[in-house]
**Q** 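I'd like to ask you about the structure that follows.
Just the heavy atoms: all of them, side chains too, but no hydrogens, waters or symmetry mates, feed the values below. Here is how names work: the chains are called A, B, and so on, in the same order as the sequence lines, proteins then strands, and each is numbered from 1.
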Amino acid sequence: MRFKVLLAISFMLQMAGCGFEAAPTSALETPEDSYHVIYGKDSIRDENSASLNSVSSVALVKKETFERYQKDQAIYTAAETFGGEDLSWTNQPSLAFCSGVLVDKDLVLTAGHCLDAMTCEDLVFVFGYEAQGKKPVGIACKEVVKVKNDLAQAKLDYALIRLQKEAPALPVSMQTAALKVGDGVYSIGYPLGTYKKKATGRVRSMDHGVAISTLDVFEGNSGSPIFSAKTHRLVGILSSGETDFVETDSDLKVHRCGESECSGEFIISIEKVLADIRK
Amino acid sequence: MSKLNFMAKGLMTLSLLSQHGAWAQSAKTVERPPQFVMFAFDGSYNNEIWQYSRDFTKHKKSQGVDTRFTFFINPVYLLTPATKTTYKAPGGNRGSAIGWGDDNRDVSDRVDQMNEAYQEGHEIGSHAVGHFDGSTWSQSDWESEFSQFDYIVKNLFSINGLRTTTQGFKGLVFLKDIVGFRAPQLGISKGLYPVLAGHGFKYDTSKVNNENYWPRRNEFGTWNFPLAQVKEPGGARKWISMDYNFCVRDSSRILSEDPQAMNVTAYDSKKGKTIKNNDKFCLKAITAEQKAKVKANMLAIYRSYFNNNYYGNRAPVHIGHHFSSWMSGAYLEVFYEFANEVCSKPEVKCGTYNELLRFVESKSASELDALQAGNFAKLPRPKSALTARPWELNISMKEQDGAMKFALSGRDAKRAGLKKFVSIDGVTKELNGDLTLNEIRTLVKQGEDALVRIAVKDRMDKEVATATYKVDKVGTDAETVHTENIEDKWLEGHLDGAHADEMDITRGH
């Protein structure tokens with residue numbers, strides 16, 4: 001099948017171009033670890049970097065919501081829809097419902113459950129949805145190439161989607177070497193549907209190819225590309241995790257956990273995804 | 001050790017470390033249970049819907065997905081106008097609240113549908129006989145109703161003078177397995193439960209409870225399998241997981257947005273018949289645009305209910321619909337679409353109530369406590385942002401100085417851009433300040449009762465909270481403003497009119 005060939009070629013080219021030790025393109029700075037929300041301090045910050053890893057991150061948006069956005073019609077903010085008034089960025093418009101990453105010129109990898117209640121026709125893939133970015137570019141979905149949504153048993157949660165046309169970005173490089181406990185990782189995605197953001201964390205345990213991490217991610221981050229803090233290559237995609245907010249009778253607050261507390265945030269390793277795609 | 005168990009164990013270890021998992025220190029832990037999703041119909045008249053439901057199950061089976069239903073039946077549909085006097089309605093009621101079977105051909109076809117459905121793995125339960133509201137019935141009224149239920153289902157062939165059916169049946173084949181009950185209009189009284197147990201019923205589905213409720217037995221040993229009061233994502237109301245209750249609330253919204261909505265018609269191509277609206281409390285025909293809205297709302301609420309439980313304490317999900325095409329068939333479509341969506345998911349069981357019964361009967365009281373508390377390795381929650389949080393916003397009203405004064409309270413009452421709208425007798429306007437009783441008197445004929453509906457809309461004009469108040473005998477000395485929000489009644493499920501459309505869309509009942 002064409003997508004397999006493309007994936008394999010893209011993977012080999014990238015492997016040949018730069019070894020595991022080198023950052024693939026305009027190197028990202030090592031993420032600062034001084035802030036974390038969910039796990040320890042708040043590590044989330046707006047991401048406007050022109051790095052390959054950043055521009056390859058794509059927002060999954062419902063077609064009708066994107067049409068409203070393009071016409072400058074009102075969009076709910078993240079705080080209105082989900083809560084999180086105690087965070088500085090939740091007054092941003094909540095556009096995306098999931099995140100994804102460009103893995104070939106017209107192929108996007110995201111989480112399988114993102115298609116749970118959504119068809120290809122309902123979707124637009126939006127590149128460049130950033131706090132200070134240019135006008136974002138939306139590309140329609142052509143077909144769902146493969147989808148797996150079974151974290152409970154198969155421990156897989158991914159979807160490979162072909163776009164109607166090539167994306168205005170280059171695909172990311174992948175690292176198929178297994179993640180290990182203690183590895184530093186970062187995500188680039190759209191927490192609560194807001195502008196592109198980066199969060200950092202580390203792998204705190206492994207379970208059958210699923211890395212359980214301390215990334216400060218929210219709903220909307222599903223399908224976010226997860227990169228190695230060391231090699232800056234794609235090591236996985238975000239699937240699931242802890243509930244974002246804690247509700248009391250009078251309040252709704254961001255769920256704050258210590259580094260070793262709560263369920264952790266679940267990353268499906270790219271190695272496992274590629275093995276399943278090749279089946 | 002299976003992969004699943006291994007992962008569960010791993011997750012459990014993590015959870016035990018969690019200070020947020022307060023349960024970890026307090027109660028026993030159990031294995032993660034399956035997610036039961038109970039799809040049930042209060043219906044038995046429409047033979048086409050029997051057939052469609054059976055075909056749906058067969059189709060899902062061909063795809064490797066087990067999706068079966070529970071049907072709560074009314075034996076008045078096993079009688080005909082010629083034999084209807086067999087049934088004597090208790091509690092001062094007469095005849096049947098929902099009509100009868102058409103004739104022996106119709107009853108015979110229904111027997112085939114019921115028997116074949118049972119043989120294909122569906123379950124048949126009782127929806128009482130005449131579909132009367134039993135909320136004021138005495139124990140002896142219930143005794144009479146259940147005895148007549150037994151008599152009709154056992155003797156329907158001799159009562160009607162029926163011969164062998166087309167499919168070769170000479171009776172109902174599932175009688176020993178009728179162990180479940182749902183009260184018509186969810187109308188229950190104290191006298192019901194001793195009678196229910198005495199007639200061999202093992203579970204009751206007539207109550208309502210929170211979304212995350214794990215079943216318990218009552219003092220008579222009967223299991224409580226309630227419908228849910230589901231919190232509305234992106235809104236402040238609760239909705240009962242039953243189609244008719246959606247219909248009443250959706251109809252009031254549609255009529256407040258478009259007073260001409262009563263004039264919309266639909267066409268039933270199978271019967272070659274135009275469907276007209278004759279009940280403002282539950283519309284049968286709506287525009288395509290409204291139908292899309294109604295479906296999206298119900299699906300969003302059902303998805304939220306399912307996800308909260310699937311990734312939460314796995315309390316059974318209960319969906320209760322009718323054999324009716326309310327809202328141009330929107331709810332029936334959602335019933336099957338939702339089943340299509342959830343039944344193939346890992347660890348989901350879309351079986352019948354009997355299977356849920358066997359599961360809960362195998363659990364000890366302390367295990368049920370642990371399930372209620374969610375003391376097991378829960379699945380991590382997907383990080384997609386598709387479900388808005390429910391609002392905390394209450395509407396209250398008091399009558400003062402010749403006016404109805406409305407107040408908003410709760411966490412979301414201070415949101416910017418909230419607007420109030422009032423609808424009375426088909427007229428809707430934005431409300432700034434109080435609603436004077438004089439205004440009501442100009443809109444409603446003297447001496448008539450009025451329903452005053454208040455809707456709160458957010459800054460995007462989405463309806464997020466509503467309340468409806470009754471004013472009796474407008475403009476007379478006996479004019480009375482009731483302060484109870486009648487929508488609270490909708491949350492008890494106790495509503496007239498269920499099955500009305502079931503009769504109307506079929507051969508003239």
**Q** When only pairs under 4.5 Å are counted, which of S99(A), G220(A), C98(A), G193(A) shares the most heavy-atom pairs with chain B?
**A**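 Of the options given, most contacts go to G220(A).
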**Q** Would you please classify the geometry between the Y331(B) ring and the H321(B) ring as parallel, tilted or perpendicular, with 30° and 60° separating the classes?
**A**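 Judged by the thresholds at 30° and 60°, the geometry between H321(B) and Y331(B) is perpendicular.
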**Q** Most heavy-atom pairs under 4.5 angstrom with chain B, which of A111(A), A117(A), S94(A)?
**A**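 Result: the option with the highest number of such pairs is A117(A).
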**Q** Given heavy-atom pairs under 4.5 angstrom as the criterion, report whether the side chain, backbone, both or neither of Q73(A) touches chain B.
**A**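 Q73(A) has no heavy atom closer than 4.5 Å to chain B.
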**Q** Is any NZ, NE, NH1 or NH2 atom of the basic residue among K231(B) and E211(B) found under 4.0 Å from an Asp or Glu carboxylate oxygen of the other?
**A**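 Looking at K231(B) and E211(B), the cut-off is not met.
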**Q** Quick check, are the ring centers of F82(A) and F245(A) under 6.0 angstrom apart?
**A**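 Not under 6.0 Å, so no.
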**Q** Quick check on D116(A) against chain B: is it the side chain, the backbone, both or neither that has a heavy atom closer than 4.5 Å?
**A**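 Both parts, heavy atoms under 4.5 Å.
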**Q** At a 4.5 Å cut-off on heavy atoms, which part of T81(A) comes close to chain B: side chain, backbone, both, or neither?
**A**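 Interface part for T81(A): both.
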**Q** Looking at I75(A), L192(A), L238(A), which has the largest count of heavy-atom pairs under 4.5 Å with chain B?
**A**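 Heavy-atom pair counts peak at I75(A).
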**Q** Salt-bridged, K419(B) to D458(B), with N to O below 4.0 Å?
**A**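 The answer is no: the pair does not qualify as a salt bridge.
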**Q** Specify which of A385(B), P346(B), P382(B) makes the most heavy-atom pairs with chain A at under 4.5 Å.
**A**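 It is A385(B).
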**Q** May I ask you to name which of R303(B), R415(B), R381(B), K345(B) has the most heavy-atom pairs under 4.5 Å with chain A?
**A**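 Among the listed options, the one with the most contacts to chain A is R381(B).
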**Q** Within the structure provided, determine whether M118(A) and L123(A) are in side-chain contact (heavy-atom separation under 4.5 Å).
**A**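 Of all side-chain heavy-atom pairs linking L123(A) with M118(A), at least one is under 4.5 Å.
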**Q** Between F246(B) and Y302(B), does the ring centre distance come in under 6.0 Å?
**A**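 Between F246(B) and Y302(B), the centre distance is under 6.0 Å.
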